[in-house]
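Notes follow once the structure below has been shown.
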Amino acid sequence: MKSAGIIASFCILCCAAVSCREVPNGSVMVDTNPSGWLRGDTVRLCYANADSVGLREILFTARIERRGITDEESLLPMWVGCTAPSGERCGFDVAFNAAGVKQSGSMYAISCPMINDATLSLVGDYIFEFVPRTDLFGVWAVGVDIDYGKR
């Protein structure tokens, strides 16, 4: 009888360990002002990293409303920055192309590669910043999708 209790406890412990493990892929988004995300208005989000060795792809993601947007207006110019848990910072200017994206009603979802084969070498919180270089209208949310991809 004591043996059955030990086995049951072990099974419960194993199930808890499996269900609590961190999922390596992650998508984090933050809301913006869809009626006008103005030039220079910074939004920040936090990605909690637990894997310091895996190669991943980091994608920019956004939910946008595309009513009346022409192909000439489909670029989303912005500065993207990242602060590592150590305080180290990096950033770059980029223009994400919102043309030809998936539509769900009047909303579109875009996903554009930012960095391939990235290693987030420290465990902890990475802070991503997005700063529009021009006034943007109809952008509901922006974020990152961090994925191990298909290798």
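The model shown is predicted, which means the values in this text are computed figures rather than measured ones. The first residue of the sequence shown is numbered 1, and numbering continues consecutively from there.
Linking Ile, Leu, Val, Met, Phe, Trp and Tyr whenever their side-chain heavy atoms come within less than 4.5 Å leaves Met78 and Ile127 in two separate clusters. Val94 and Val43 end up in the same hydrophobic cluster when Ile, Leu, Val, Met, Phe, Trp and Tyr side chains are linked at under 4.5 Å. The hydrophobic cluster containing Ile115 does not contain Met29, counting ILVMFWY residues as joined when their side-chain heavy atoms lie under 4.5 angstrom apart, directly or transitively.
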Step-by-step side chain to side chain contact (heavy atoms under 4.5 Å, CB included) determination, Asn116 to Ile58:
CA-CA 6 Å; Asn116 291 317; Ile58 301 176; over 6 Å; no
Before you tell me yes or no, could you show the steps for Asp145 and Arg56 under salt bridge (Lys or Arg N to Asp or Glu O under 4.0 Å), namely the whole-Å CA-CA distance, both residues' side-chain angles and the distance that decides it to 0.1 Å?
CA-CA 10 Å; Asp145 186 12; Arg56 289 166 274 193; over 6 Å; no
Trace of the side chain to side chain contact (heavy atoms under 4.5 Å, CB included) decision for Leu45 with Val144
CA-CA 9 Å; Leu45 59 88; Val144 293; 3.9 Å; yes
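Distance check, rounded to the nearest 0.5 Å: CH2 of Trp37 to CG of Leu76 gives 8.0 Å. Rounding to the nearest 0.5 angstrom, the gap separating the CG atom in Asn33 from the CG atom in Leu38 is 7.0 Å. Note that the OG1 atom of Thr61 and the CD1 atom of Ile110 stand 8.0 Å from one another [nearest 0.5 Å].
Close placement of the Phe96 and Phe60 rings is indicated, their centers lying within 6.0 Å of each other.
The salt bridge (Lys or Arg N to Asp or Glu O under 4.0 Å) check on Arg44 picks up Glu129, with sequence neighbours excluded.
Val131 forms part of a hydrophobic cluster together with Trp79, judged by ILVMFWY side-chain heavy-atom separations under 4.5 Å.
At least one side-chain heavy atom of Asp93 sits under 4.5 Å from a side-chain heavy atom of Arg133. In this structure the side chain of Ser27 never reaches within 4.5 angstrom of the side chain of Asp147, judged on heavy atoms. Contact of the Tyr47 side chain with the Ile146 side chain is registered, since non-hydrogen atoms from C-beta on lie closer than 4.5 Å. Arg39 has its side chain out of reach of Asp41: every pair of non-hydrogen atoms, C-beta onward, lies at least 4.5 Å apart.
Heavy atoms only, all atoms of each residue included: Leu122 and Asn49 are closest at O-ND2, 2.8 Å. Scanning all heavy atoms of the two residues, the minimum distance from Phe130 to Gly143 falls at CZ-O, 3.8 Å. Smallest separation of non-hydrogen atoms from Tyr126 and Ser121: OH-N, 3.4 Å. Between Ala141 and Asp31 the shortest heavy-atom distance is CB-OD1, 3.9 Å. Ala50 and Val123 make their closest contact through O-CG2, 3.8 Å (heavy atoms, listed as atom of the first residue, atom of the second, distance). The shortest non-hydrogen separation linking Val142 to Thr32 is CG2-CG2, 4.1 Å.
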